[in-house]
Amino acid sequence: MPSKRVIMEKKKYKTIMENKVKTLLVISLFVGAVTFGQQLHTVKIASGDSKQAIIEKASNLVPTLNQYNYKKLEYSCFVHFGLNTFTAKEWGDGFEDPKIFNPSGLDTDQWCRVAKEAGMKMVMITVKHHDGFVLWQSRYTQHGIMSSPFQDGKGDVLRELSKSCKKYGLKMGVYLSPADLYQIENKAGLYGNLSEYSERIIPRPVKGRPFKDKRTFKFVVDDYNEYFLNQLFELLTEYGPVHEVWFDGAHPKRKGGQKYNYLAWKELIKTLAPEAVVFGKEDVRWIGNESGTSRGTEWDVVTFEQNPSQMNMFPDMHGDLGSREQLYKGKYLHFLPGEADTSIREGWFYRNDGEQGVRSADDVFDMYERCIGSNTNLLLNIPPNRDGLFPERDVRSILEAGRRIQETYDINEIANAKGEKALLDGNENTYVLAENGKGTYEFKLPATKLINRFVIQEAIQLKGQRIEEHAVDAWLDGKWQEIAKGTTVGYKRILRFSKVLTDKMRLRILKGRSTPSVSAVSAHYYAPRPPQLKLSRNLQGEVNIAPLKTDFDWKVEKDVEQVKVENTIIRYTLDLSEPNSSSKIFSTPFYLKSGVVKARAFNNNQEGPITEKEFGIVKKDWIVKGDATDKKKNAIKAVDADSNTFWNSGTGKPNLTIDLKTKKSITGFIYTPPINYKEGLIEKGLVQVSLNGKHWKNVQEFNLGNLINDPMPRTVKFNKFVKARYIKIMLINGAGGSTSASIAEIDILEQ
């Protein structure tokens, strides 16, 4: 059936206005009075609504202007920087001395220059993490940069970043942790001090530190909420404009039944930063993991049990959120886009350059395509080092990924094709409507082109998100052949497929809610590089090197082109040097007692990313024991050289004992958590060693940070090596309060 084209031109003005009026009339029937010229972002489900009425309501919800502008950012830079940078911790405890914070070469221009060149459009910084240390000259605490030696206590990281963002044309966001361990642990701390609620004036005047912004607010709050509001006022009036306020939901420790008055915070934010979205609340939701991936089928319209505009607390959202069956269960429908946050490093804060893993350009480019290509914004963390600079390895990966993004997506292979003008004109406000939920659109290219990417966009700002299924075809061997298929589209969908050589392409909308819109399509070619590699070793100690078919085990799909580069040669080193064109060629698995392997793929004049892995002692003769209640004796799964299996202590003691069979000089261990099992992840633990299995001594406590959302292997290096035959890993605290211990693999490192 031919499509109904709607083009924002003078001669079509009448058609557009008629459609807008119709839309407003339909929505008005759902919820009553609507301000003229506005469309709804939230709607109530009435008790008598049919399933079709519910789907129709969901189809007509659109983003707010702030949400839509946020969607257009697509790719942003996260910056975790603070006391943890200098302590090498993931989460501080509130007892850290501010004097340790002293970056010797802070350069926020470098941060913004790298972000800009990489294709990012915003920089988000942790101005206060859970430890309570602040990176700006706050009037309301001394636990911050003002008490550090950095620039003699006069420094202000946020002010410098604000200037750099403006210089490089980037938007800025602020992460202000509601959790505050300093305010919990400090004797005069305000968090959970059981203070009474009373009317407070925000901002509270401070002698000698007047505000240029003379606006004031009155809120009935307790001491900690007043403290938080005062800090928000500083951030939003003296460092702006701020375009995203980021609220983490983590609570490392609670005290005194402290509650957060988000509704008061929201009033302040909406007044002082009218262009900002609030992450973790009713503007932007967390995608549900810290792995750099989305659901693949990602709906922006989700359900709530109460009106989200009146909610004070928002739960994390997991699993299926927006399918038809889920929509039928809700009481309110709300437009709520997702954001995927992840780190380029193993962990959120910089620890070191020798041991902390860094994602390759392959991984960054892959995450970009999967997140942004499945209707999700990507917030990628690049943690500065102790000099206050983005580390060299991180910058190399980020910029190489940026070059790939630019080289691939700056060239539209069907820009000059013959086809629906509204889909090719580059105007986000023009679109076609797929009548009856279906539509077919053909594009005749002026010449034959190599293509392995196809991008589709809906006019969500005008018509909402409606496409449920779609497919793309190419004209091959004299006939149409389906080359890719997908579900939701939303703001953007990127389809990836094996390269085709064609001069005709076709988009088919197969299923939709109401009447789906398509506002833009484009086709691209990504020239694959030598593949990233995977290093593995079996129980006998034989190392194998092969192209990595899935980048990181938790990813939901792979780049089908990534492993198809022909004439690839793999070279490796064992002496910590970087593999080059003269390094040893890998042909068959080789034995390695222990140590670090570095490998890289070469193809003609191109070099792939370096893959590096440290292997511990060969495990084939080990004897491993869990608690006596471990009747299935599954403790062996913790040392079977297979990270897909794991041991869990169950109701027994959460301890694992390993007999290495001979005395070794041990320097540390690597803990690999289960990927898809969240119970028993070791957050804090203790290592003991013994020479005879009877007399034990403590070696070191360790803290592995947030494993539930970041299930990466963690390396623990001892302060000094110890001689032992037996080693015991003991749980102190489990992630999420778990009392059992789970281990996919333990690798023991030797001197």
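No hydrogens, no waters, no symmetry mates; every other heavy atom, side chains included, goes into these values.
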Side chains of Asp642 and Thr645 only: does a donor on one sit below 3.5 Å from an acceptor on the other? no
Sorted by chain and residue number, the ring pair (Phe, Tyr, Trp, His ring centres under 6.0 Å) partners of Phe718 (sequence neighbours excluded) come out as none
Keeping Ser177 on the side-chain end and Ala179 on the backbone end, is there a donor-acceptor pair under 3.5 Å? yes
Does Lys255 use its side chain to pair, donor to acceptor, with the backbone of Ile184 at less than 3.5 Å? yes
Taken in chain and number order and not counting sequence neighbours, the residues that satisfy salt bridge (Lys or Arg N to Asp or Glu O under 4.0 Å) with Lys619 are Glu745, Asp747
Within the side chain of Arg529, is there an N or O that forms a donor-acceptor pair under 3.5 Å with the backbone of Gly608? no
Test: ring-ring contact (aromatic ring centres under 6.0 Å, His included). Region: residues 728-751. Which pairs qualify, not counting sequence neighbours? none
Residue list, side-chain hydrogen bond (donor to acceptor under 3.5 Å, both in side chains) with Thr715, at least two apart or on another chain: none
Please check this pair: side chain of Arg295 against backbone of Gly319, looking for a donor-acceptor N/O pair closer than 3.5 Å. yes
Identify all side-chain donor-acceptor contacts of residues 668-675 below 3.5 Å with residues at least two apart in sequence or on another chain.
unit_1 : atom_1 : unit_2 : atom_2 : d
Tyr671 : OH     : Ile682 : N      : 3.3
Tyr671 : OH     : Ser742 : O      : 2.6

side-chain hydrogen bond (donor to acceptor under 3.5 Å, both in side chains) against Ser594, all qualifying residues, sequence neighbours excluded: Glu750
Do Lys728 and Trp696 form a cation-pi contact, if we require the NZ or CZ to be under 6.0 Å from the six-membered ring centre and within 45 degrees of the ring's axis? yes
